[in-house]
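Each chain gets a letter, A, B and so on, in the order the sequences are listed, and its residues count up from 1. Quick caveat, the model's predicted, so the values are computed rather than measured.
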Amino acid sequence: MNFEFEDEDELNGGEGSKWYKRTWSGIFTKTEEKKATPDGLWEKCKRCKEVAPTKDWISNRYVCPSCSYHEKIGSAEYFDILFDGGEYTEINASMSSGDPLNFTDTAPYVDRIVVAQKKTGLKDALRTAHGNINGIPLMVACMDFNFIGGSMGSVVGEKIARAIDYCLETKTPFLMISKSGGARMMEAAFSLMQMAKTSAKLALLNKAGVPYISLMTNPTTGGVTASYAMLGDFNIAEPEALIGFAGPRVIRETIGKDLPKGFQSSEFLVEHGFLDFIVTRKELKNKLSQLLSIIWKK
Amino acid sequence: MANNHWFDFEKEIVDLMDQLEKTKESNAKGKVDLSDMIVTLEEKIQLAKEATYSKLTGWQKVQISRHQNRPYTLDYIEHIATNFIELHGDRQVKDDKAIVGGFAEIGGRPVMIIGQQKGRNTKERQLRNFGMPNPEGYRKALRLMKLAEKFNVPIITLIDTPGASPGLEAEERGQGEAIARNLMEMSVLKVPVICIVIGEGASGGALGIGIGDKVLMMQYTWYSVISPESCSSILWRTWEKKELAAEALKLSATDMLGNGLVDGIIPEPLGGAHHSPEVAYENIKQAILDSLDELTGMDPDERIGKRIDKFSRMGVVVE
């Protein structure tokens, strides 16, 4: 799979060749605790470099108030944005990764898992929860990019499969929020087969006539794009997200020239007919409930 | 197809074969009787082959899977099937030459055969895009599978790809969507589906025609999420660790069967299918006929249920 990290250090849990040396590594603030931001803190936009108060960023759903850049956020933030009153029930919360291949590259896979768990406070790269959005029951599976680049291994595949089982049993619509570099190489063919597993389950959901909405966020690439992300009854995306099968670096190396501007962006995909629409994070909840209220009247 | 390319790890065998050749020449001149020596050398060659091929590393198996004289999809079709009628095009964009397919008969039974096709010389390789399909290849494959379903004909897919094509046009035309669609549609096809890795099984590009009731691997093939070279470049940040990566990925047929990710292994002649292709043809044909026997009697819904259950069980998690 085409597994690309924006930051070389991301794979190693953030430790790289810096001019300073950390005496301890990882972030110990739990995701839930992070939200309580005192006044007087500021956030700098990664794109336009404008500075705005952190509380404005949060109330703006982590979208830059100046340029509408959609900052990467995790499952906790999406659940908070989507579910009525921030109330939801998480399922299979304790599931974590095995190491079926006893995999070691420059570090053992089991160690990478522990480092990522400490760094993020998460068990793996996806969480599944159900609740209501504007009164409509919805199952949401949301990927966490912070966890080994949002890579898809057995846990991601199994949690999606079980979330779909729940949707099949209870006739609940399914929303998948993708944000991933692709398959997790440390689980090799096991991660490849998660593409098969999730796609097969979606075939059953499709047969049962239960709606499936796939929201692609920045970035959605590799095996994730080539399986569940592209299989929605509705394929939608946040603005300016990178969405593709092969990563830009791989394509650039293959064709030996620079890629056109906006290549593999959400806007590019809409133009080429692979997305139904682009939705800003601010409109997301209402647009979803608007859509579901038309097609999913019980 | 004579073997005209040997690997470094086969040096001992090649040296002995050279020696045998020279001895046979001298013998033919008739001045001295060298027949004892010839017998000894032939025994030695056999022993050297057994020793070499019984301890192949993951990387060496990858090398064999890519051997330029290995049978490709069209070779198998030519030698195991009759009445092959190739069908072209996805009805939308074009005909992708990296995937071939059509109706045929194997052992007198109607089948749809679809496979990735590589080329043997520069011109052919370009035509076949090195066996790397574009979206229209996957869409052609799906069109043919739906056609087979319509006429209640079992489907055989032959997997042999270094990956789906990475390029501007592939992205524009939705490479990800094309593969994803195949995964979903193949899992609910009403006819029996038999998938066989005959060479390289690289990532989503392989899986895109790989969802079957029976997924089999030829003995000297590999199947994984990524090629050892790319894995090395991403995880070790160098192209030099491909041997290590090949081991770590556990990509060989025996590893894949051991991990419950494929359903069986089709034996090849010692050292690989290219050493005596006719043996490989016979073995693959037999495996297909056996699988058809097993699958055709089943109720379609039961078959689909079993197929989906099989893939649903794959994965290792801790709770």
Side-chain angles (χ1 to χ4, degrees), chain A residues 1-3 8 11 92 94-101 103-106 153-155 157-158 161 183 185-197 199-204 206-207 222-223 225-231 243-246 250-251 254-255 259-260 263-264 272-274, chain B residues 135 163-168 170-188 201 203-208 210-211 223-226 230-232 234-237 241 244-245 248-251 255-256 259 261-262 304 307-308 311-319:
Chain A
M1 264 339 54
N2 308 284
F3 190 102
E8 280 220 352
L11 187 63
N92 300 305
S94 64
M95 193 189 290
S96 69
S97 183
D99 180 18
L101 301 176
F103 196 97
T104 298
D105 48 272
T106 51
S154 298
V155 174
E158 185 63 23
M185 266 170 291
M186 301 81 149
E187 290 187 35
F190 281 96
S191 40
L192 181 68
M193 295 307 165
Q194 303 312 307
M195 296 169 63
K197 178 199 281 187
S199 304
K201 287 285 183 184
L202 286 171
L204 296 177
N206 183 45
K207 265 190 171 176
T225 305
S227 59
Y228 52 84
M230 275 293 168
L231 291 173
I243 304 165
F245 175 65
V250 174
I251 301 171
T254 308
I255 65 171
L259 303 174
F263 182 66
Q264 295 184 311
H272 285 87
F274 291 98
Chain B
S165 186
L168 286 178
E171 294 295 319
E172 279 173 4
R173 296 200 285 266
Q175 187 72 284
E177 195 275 343
I179 292 171
R181 182 75 42 204
N182 281 18
L183 305 185
M184 184 160 95
E185 298 282 354
M186 285 186 84
S187 58
V188 288
S203 124
L207 193 65
I211 310 295
Y223 195 4
S224 196
V225 73
I226 191 166
S230 303
C231 180
S232 161
I234 295 169
L235 291 184
W236 281 270
R237 304 204 176 273
K241 301 285 184 187
L244 270 179
L249 288 167
K250 308 257 191 325
L251 42 63
D255 284 327
M256 288 293 283
N259 283 324
L261 298 174
V262 296
I304 292 169
R307 191 188 302 153
I308 293 178
F311 285 101
S312 297
R313 279 195 302 273
M314 293 177 184
V316 176
V317 298
V318 182
E319 291 185 79

| task | Check B/Lys250 against A/Leu101 and note the closest heavy-atom contact, atom names and distance. | result | NZ-O, 2.9 Å

| Highest number of heavy-atom pairs under 4.5 Å with chain B: which of A/Ile243, A/Thr225, A/Leu231? | A/Leu231

| How long is the span from the CZ atom in A/Phe245 to the CD atom in B/Glu171, to the nearest 0.5 Å? | 8.0 Å

| query | Can you say whether B/Leu183 sits under 4.5 Å from chain A via the side chain, the backbone, both, or neither, judging by heavy atoms? | reply | both

| note | Applying a strict 4.5 Å limit to non-hydrogen atoms, the region of B/Val188 in contact with chain A is side chain

| message | Please rank A/Ser191, A/Gly153, A/Ser97, A/Ser199 by heavy-atom pairs under 4.5 Å with chain B and give me the top one. | response | A/Ser199

| said: Between A/Ser96, A/Ser227, A/Ser94, who has the most heavy-atom pairs with chain B when the cutoff is under 4.5 Å? | reply: A/Ser96

| query | Roughly how far apart are B/Arg313 CZ and B/Leu261 CG, rounded to 0.5 Å? | reply | 11.5 Å

| field | Region of B/Met256 in contact with chain A, defined by heavy-atom distances below 4.5 Å | value | side chain

| note | Rounded to the nearest 0.5 angstrom, the NZ-CD1 distance for A/Lys197 and B/Ile211 is 12.5 Å

| task | Let me know if A/Ala196 has heavy atoms under 4.5 Å from chain B in its side chain, its backbone, both or neither. | result | both

| said: I'd like to verify something: which residue of A/Ala229, A/Ala188, A/Pro260 has the highest number of heavy-atom pairs under 4.5 Å with chain B? | reply: A/Ala188

| Interatomic spacing from NZ in A/Lys201 to CG in A/Asn206 - rounded to 0.5 Å | 14.5 Å

| CG/A/Leu192 to CD/A/Gln194 distance, rounded to the nearest 0.5 angstrom? | 9.0 Å

| query | So do the side chains of A/Ile251 and A/Gln264 get within less than 4.5 Å of each other, counting heavy atoms only? | reply | yes

| B/Arg173 versus chain A, heavy atoms under 4.5 Å apart: side chain, backbone, both or neither? | backbone

| Contact part of B/Leu249 toward chain A, heavy-atom cut-off under 4.5 Å: side chain, backbone, both or neither? | both

